[in-house]
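Numbers restart at 1 for each chain; the letters A, B, ... are given by sequence-line order, proteins then strands.
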Amino acid sequence: MSRSDVTIGVVGSGGDGVVTAGEILAGGAAREGVHCLMISAFGPQIRGGETSCTVRLRSDGAVHAQGDAVDVLAVLSWDDFRRFRSEIEVRRGGVVISDSDDPVKEGDEPVSSREAIAFARVPFTRLAKEKAGTPLAKNMVALGVLGEALGLPAAAMRGAIEKRYAKKQAVREANVKGFDAGLEHGRALDGTLGVERFAHAAGKPLLLLSGNEAVALGALYAGCRFFAGYPITPSSEVLQFLSEWLPVYGGKFIQAEDELAALGLVIGASLAGTKAMTATSGPGLSLMSEMMGLAAMSEVPAVIVDVQRGGPATGIPTKSEQSDLFHAVFGGHGDLPRVVLAPTDVADCYAATVDAFNIAEEFQTPVIVLSDQFVGQRKEATTALPTDMPVVDRLLPAADELGTGFLRYRESANGVSPMSVVGMKGGEYQTAGIEHDELGHPTSMVVLHEQMSAKRYKKLEGVAAKYAKALTLGPERARVGVVAWGSSYGAVRDALAAAEREGIAARAFLPRLIQPFPGQEFAAFLASVERLIVVELSFAAQFDQYLRTIHPLPADRTVLKRSGGAHLRLSEVLHAIREASR
Amino acid sequence: MSRSDVTIGVVGSGGDGVVTAGEILAGGAAREGVHCLMISAFGPQIRGGETSCTVRLRSDGAVHAQGDAVDVLAVLSWDDFRRFRSEIEVRRGGVVISDSDDPVKEGDEPVSSREAIAFARVPFTRLAKEKAGTPLAKNMVALGVLGEALGLPAAAMRGAIEKRYAKKQAVREANVKGFDAGLEHGRALDGTLGVERFAHAAGKPLLLLSGNEAVALGALYAGCRFFAGYPITPSSEVLQFLSEWLPVYGGKFIQAEDELAALGLVIGASLAGTKAMTATSGPGLSLMSEMMGLAAMSEVPAVIVDVQRGGPATGIPTKSEQSDLFHAVFGGHGDLPRVVLAPTDVADCYAATVDAFNIAEEFQTPVIVLSDQFVGQRKEATTALPTDMPVVDRLLPAADELGTGFLRYRESANGVSPMSVVGMKGGEYQTAGIEHDELGHPTSMVVLHEQMSAKRYKKLEGVAAKYAKALTLGPERARVGVVAWGSSYGAVRDALAAAEREGIAARAFLPRLIQPFPGQEFAAFLASVERLIVVELSFAAQFDQYLRTIHPLPADRTVLKRSGGAHLRLSEVLHAIREASR
Amino acid sequence: MSAATTEVTFKPGDYKSGINPIWCAGCGDYAVLNAVYRAMAELQLKPWETAVVSGIGCSSRLPGYVAAYGFNGLHGRALPVALGIKAARPETRVIAVGGDGDGLSIGPGHFFHAARRNADVTYVMMDNEIYGLTKGQAAPTTPRGEKTKSTVYGNPEEPIDPCEMAISFGATWVGRGFSGELKSLVPLLAEALQFKGFAFLCVISPCVTFRGDEQYKTLKPLVTPIPADHDPTDRVAAMRYTREVGKLSVGVLYRHPRQTMLDGMAYVREQAVARRPQPPTMAELQRNFLP
Amino acid sequence: MSAATTEVTFKPGDYKSGINPIWCAGCGDYAVLNAVYRAMAELQLKPWETAVVSGIGCSSRLPGYVAAYGFNGLHGRALPVALGIKAARPETRVIAVGGDGDGLSIGPGHFFHAARRNADVTYVMMDNEIYGLTKGQAAPTTPRGEKTKSTVYGNPEEPIDPCEMAISFGATWVGRGFSGELKSLVPLLAEALQFKGFAFLCVISPCVTFRGDEQYKTLKPLVTPIPADHDPTDRVAAMRYTREVGKLSVGVLYRHPRQTMLDGMAYVREQAVARRPQPPTMAELQRNFLP
Ligand SMILES: Cc1ncc(C[n+]2csc(CCOP(=O)(O)OP(=O)(O)O)c2C)c(N)n1
Ligand SMILES: Cc1ncc(C[n+]2csc(CCOP(=O)(O)OP(=O)(O)O)c2C)c(N)n1
Ligand code: SF4
Ligand code: SF4
Ligand SMILES: [Mg+2]
Ligand SMILES: [Mg+2]
């Protein structure tokens, strides 16, 4: 018997190399062309705290979600497992492998029906010391054991190790030795573990990257040449990647003093004609409220990436949540038009960022890419990201529009006016975050305020017309309809497939464009289903409330909502679908 | 013939003493016990710019709105009037009095049907020079003329002048002389103006104050002993009043360096057990987003007054708008429970502030008083403000709860836990804007995050149960229902009365508590009307969108929405009611 | 943009934007505006190559009156926008302007970092020791004891000296001018505009409306040019011209060039090019993610 | 609160909150925490009369570990909360703590104003020249050339010296300590805690995880006590102990008391009482609005 879908967990302390193990496993898969998705979780300690890493591999298609439970769990230290006990579930029939020299204490083992899982012991540390000469290689030993017992792409994994430590010979050799020792040990175990092997064929190598890295790649592709940001978990990878690569492309990187400055810098760069972006998380987005209004008011293109985490205030910095929705859509004083896009997976982080730049430039407006920790920090194996997406540049004034009396905010059918940029002769204008007339001159005239508000909001119509492609999944009509957003995509998609297997017809609606909302598409969707389920990770049910501003929702709908912290599970969604299908 | 309702406008340059004239007029009315409401408008200049002032007086009840058009307009300078041409309407049959020596230029006169109004000339400046010895008294001359021609309470007005300049003999005398000269001149004019006289009887003197001043009084009454704020139009009067009076009551006043600090200072003071407040306008509210989350997360009572102005960004600082609604209700990242109250008139600015403190203290939560420039800076004559409203203090721990293991965030039925304050022995706790457990200790546990979010949101239920008294006006059932909020109250109330006179049955719903929203009351209201009109001064129709999160709204409703800048007019609302009643 | 450029000479009046200033009669900011026109003419700055950025306040209205790219942004946040323009387009002459409240109450965080980075912009502060636009509350520069709308009992706080702050923050050019003395103000501003690095010019610019009509009369006799023998590279000596009592020293207090923000960026760029002389195509870049 | 108070003596261990620190093994912040325990014991501070407030960062976790009123607020915003507590309840001993990023990158606006006002709080900065909590990006204190997660080509910016900043900002007590030297740290902190006015203590507190294990070894030999003959009231002399190269001077750099924030508030209160010795009732107060 073999399987095409397996989820493997590794748990230990930070020092145990848990994440490295996960990355080698996922890296091996990607090298082999096998799709995978990897998530990690950490305790609050910066170093040495408890760490878990889960990799799901599929040989029958792309991986959309993390997998609710693990099939095989490697415990490098029971002490550290304790912290994850309520979070990591081992599937019925699953196996837990732990270090022979690390006895499991009563109450430390996984919660899931003790009887239904098998326990195996492998002398991880001893083998590491003996075969690799260092106990540090115990993660590699574990990997080797798993690789062999599960039939994972071992050669590709070894290749991933070698590439990772290409420049560090000693480390490389120790790791490879540990891995090989594990493989060898695994061969001995084979069969006794009783886990189905993972069937897979070698394919074209895949990229392995995180949503945050995909955002950065998307920005570079779209022509971003200026980034200003302030580090904040879980978005810092965007900043870090661009700090290295922007200078390579002649772009500019500034680590700002805070988030207010970051967006101010972006606005400045954009005024000078450079495509510019910042990235942050909830606390930073809150701090940018006033500046976002300035971008909207002065009609300056600006891309803001918000990688959501648990809130409010400092909240839970390392965990995902969908609770910045309200602020993204409604935050900031005054009538403040802005665009919000929510990527659904790692590849979409790339595409959404490209879209964000295109929208920002075409419509001269702030655009928020509303990502979250789940999609931002997980790694996915993906095929190459498209390098043929259109790239839009902003509308510059024609030569005959320039000169005295240049109307920076000229009335136009779609609300967009040609924008001169610093350095353009005859394009000089004086403008303000104060309400202004077509020239940019300050005014407090009631009629002008109304007219200019209308101009700014009109742009949203253009965005909606051009970009309002929501994602719909499943059959054309169905008993059950699921509406969800952003990173909920994966679990919803998997749940739909599972429901289908159970004979339940369900479909789903995921707006990639959150603001302006694809209202017509949504209305059509609502008409196509009998029972509605709203899915979101926000205690306050922000999405449900927001949807109601778009379209009345059936009173008998199910609102599947909760605080973030734990990623959305297929089982939660499936359960709701089952209930609703009754 | 006489009238019981008259609106008088004065226009001139800042140096002409326009506002002083208005204040004397309103002051005289208040001294006489006559209800009145006064609004002023200014050009963008700090000094000497065009200024207008409108005072509406009623002897048959309270004044709720500014009056759409003026019955009599005194123009102290036609040059300055030009700027207000599109904003000040003279009623049919009205009179415009201007300076005989200031010829009106073609196109400068009021827009309203030229034929329907009378023009009168009075040598304001000459009389001022002759009789008062200074041209500066021309505003008083104008007042005197108006007083006599309209039968205003002249003695009381003179009294207001004398009180105002009690300590400045020369100014007092010149002003009184000017006023008397005006009266005398008015007597000569009498009859020729053709305006109905204002009938009134002397009553108990009334207070004359602005909404901002009423907020400050409410704060002092509720026990506020700490204010930190940063000046911003149109809220600075709150700060200024408290800077003078808090020290008198042993309270503390700090002019903060910015709005982020202001709310931080308030949180600190509140942690130390002092009732504390800040006041700002939209830009400041935006800057407070993250801090507001901190108050919610750490459950610290804090009152935030937002006196709205035109937005976004710097917007139109001197004009009113209702466009901070979204930010007040939805702003700030994360699931952030907060309470929002919107005062309906000047007296309610007092009551809403008292309520805000009571709610903040009882429920340990941030509370926003969502006022606006219209209600904040206008002056109303009102009877004494209640000094018998209950004042609530926060729940302190009982002696036996104190000591090691004190549970600052103990689970409770209503989400409120006893709060120790700095200085309380045994009440020491360590807490964070990071998610925390019942002790206050940081956690990233999913279950605790859910539990604590539930605790924080549960408090809103208590607030709703205790405070959700919406204001309803008109008959029990009606063809037309108007839903509006905040300072729209006055125009809606007047429009209802006007509709009634036209035989149209209309009722209105004004939630004073905006968040949590009085949903049940609103549902009942919706059921009691056939046609719905939503009224608001926000281009984006924020209130309409927000209402939809509360209850589905009929598709055939009228949304009477526009940008702010000009105050809501009775005629706009009445027009909508008429249309809807068809 | 256009190719056919005949050489023009800019006269001060050419820099008028066409918007009429709405400052109070007698406001010190008029002189600053005039100094801007004249210094720009002196340096023949091209309007399209010049950006004037401000915060919010009476003084922050200045960019509206200058024929250049003018941006009147948010209270306290002129500098980030100014730095963004400069970083993205180094050939631009970037001038940030604003009030004492704007720069020193809500804005010192950005002021500090712009100075620390030695950002290549000129920052002109119009110091009137008050909040003008909001009608007369105390600023961090308001003298102790002064009664303002927010200090009815007299300001209990010690005022700060903007030039001292600028030097401490790391500004590499610091000067002080007086708007009652246009003659000395123009060359000062011209020097600031030509300086490579963060140049801070504080102009004492009376608010006649909220600090009284007497300001000019009181200050004028106190004006003292900084002596010719002052060594502006000497920090300690420069500090002697701060927190002055009974004197208003005008001139260059401090001048001490060092690596600027743009130098730092150029260094980073060099390093990046050295490491990767040929920037990879987007498809190549992705391949870095092949594990 | 309770009337029956038997005199207790607090030992350093009594100030442990019961939460176990989760800093990395070897982190400099442990020593700062120990110094806090010991200094509190030395001064016999009552936990309930003490408030410890912080921003966000590894260092900002400290309040959680101290048995007192502890508040771990927002990144960069410890000081406003600290000042609010102190202003509202002057009898409280208020200690603000945080990192170099917290205080000098996002927070210098508040740092500046707290110092300028000479607010009566102690501010302890744990300077590790890096962002610890966010895993190793450059701070304004990071040495030039240093490679961090956000400066892969080497930090192009000049680092700043927190003590220099504090003196410039107007702090009236400024000291420097080293977390590798608890002995000198404890009395320094105790002195800071007793000082009337804004006392700033910068503790060089190595981040072993992101700046290398070598920090202690490198710094230890550089530690030099500030000589006994240093006159701490002399600003210029104090500045000599800032921006040091190859030396780490520990001790009191600057001490120069002046009117504090609370003094200013007391002055205002006096004036108010003088004007209105008998505060009007609420009904009487309203009568001020009778025109
Ligand atoms: C965030 C924010 N807070 C407050 C204000 C209100 N405000 C506008 S200008 C100003 C201060 C003006 O003083 P200054 O900067 O010295 O300029 P001046 O008017 O004196 O030239 C304030 C507090 C604002 N516009 N935005
Ligand atoms: C508004 C906001 N921006 C960014 C962050 C992310 N953040 C947390 S701590 C920190 C800096 C940590 O450095 P430092 O203050 O020096 O403290 P350390 O960890 O080094 O002790 C940052 C950027 C945040 N929590 N809030
Ligand atoms: S208020 Fe003062 S600063 Fe503002 S324009 Fe008038 S004089 Fe100038
Ligand atoms: S990361 Fe650095 S600062 Fe943070 S706890 Fe570890 S050693 Fe200390
Ligand atoms: Mg000023
Ligand atoms: Mg640090």
Is it the case that the side chain of Lys163(A) and the backbone of Leu290(C) share a donor-acceptor pair, with hydrogens and angles ignored and the cut-off at 3.5 Å?
yes

Side-chain donor or acceptor of Arg77(C) paired with backbone N/O of Met291(A) under 3.5 Å
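No, because the side chain of Arg77(C) does not come within donor-acceptor range (under 3.5 Å) of the backbone of Met291(A).
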
Does any heavy atom of chain A fall under 4.5 Å from the side chain of Pro277(C), the backbone, both, or neither of them?
neither

Segment of Arg116(C) engaging chain A (4.5 angstrom heavy-atom cut-off):
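For Arg116(C), there is no contact with chain A at all, as no heavy atom is under 4.5 Å.
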
Taking only residues two or more places apart in sequence, or in another chain, which ones meet Arg269(C) in a salt bridge (charged side-chain N to carboxylate O under 4.0 Å, His left out)?
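Testing Arg269(C) for salt bridge (charged side-chain N to carboxylate O under 4.0 Å, His left out), a comparison that skips the adjacent residues, returns none.
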
Greater than 12 external heavy atoms within 6.0 Å of Gln278(C)'s CD:
no

Over 12 foreign heavy atoms within 6.0 Å of NZ, Lys16(C)
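No, not enclosed.
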
For Phe289(C) together with Tyr350(A), are the ring centres under 6.0 Å from each other?
no

Using a 4.5 Å cut-off on heavy atoms from C-beta on, say whether the side chain of Gln430(A) contacts that of Pro63(C).
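Side chain of Pro63(C) against side chain of Gln430(A), heavy atoms only: no contact under 4.5 Å found.
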
With side chains defined as the heavy atoms from C-beta onward, is the minimum distance between Leu220(A) and Met282(C) less than 4.5 Å?
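The answer is yes; the side chains approach within 4.5 Å.
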
Under 4.5 Å to a heavy atom of chain C? For Val421(A) that would be backbone

Shortest non-hydrogen contact from [X] to [Y]?
{"X": "Ala261(A)", "Y": "Pro80(C)", "value": "O-CB, 3.7 Å"}
{"X": "Trp48(C)", "Y": "Gly426(A)", "value": "CB-N, 4.5 Å"}
{"X": "Arg31(A)", "Y": "Pro291(C)", "value": "NH1-O, 2.7 Å"}

Could you tell me which residues in residues 244-254 of chain A have at least one non-hydrogen atom under 4.5 Å from a non-hydrogen atom of chain C, sorted by residue number?
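Result: Glu244(A), Trp245(A), Pro247(A), Val248(A), Tyr249(A), Gly250(A), Lys252(A), Phe253(A), Ile254(A).
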
side-chain hydrogen bond (donor to acceptor under 3.5 Å, both in side chains) involving Glu257(A) - partner list, sequence neighbours excluded
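Testing Glu257(A) for side-chain hydrogen bond (donor to acceptor under 3.5 Å, both in side chains), a comparison that skips the adjacent residues, returns His110(C), Arg117(C).
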
Spell out the residues in residues 64-76 of chain C that have some non-hydrogen atom less than 4.5 Å away from a non-hydrogen atom of chain A, in order of number; otherwise answer 'none'.
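The list, in residue order, reads Gly64(C), Val66(C), Ala67(C), Ala68(C), Tyr69(C), Gly70(C), Phe71(C), Asn72(C), Gly73(C), Leu74(C).
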
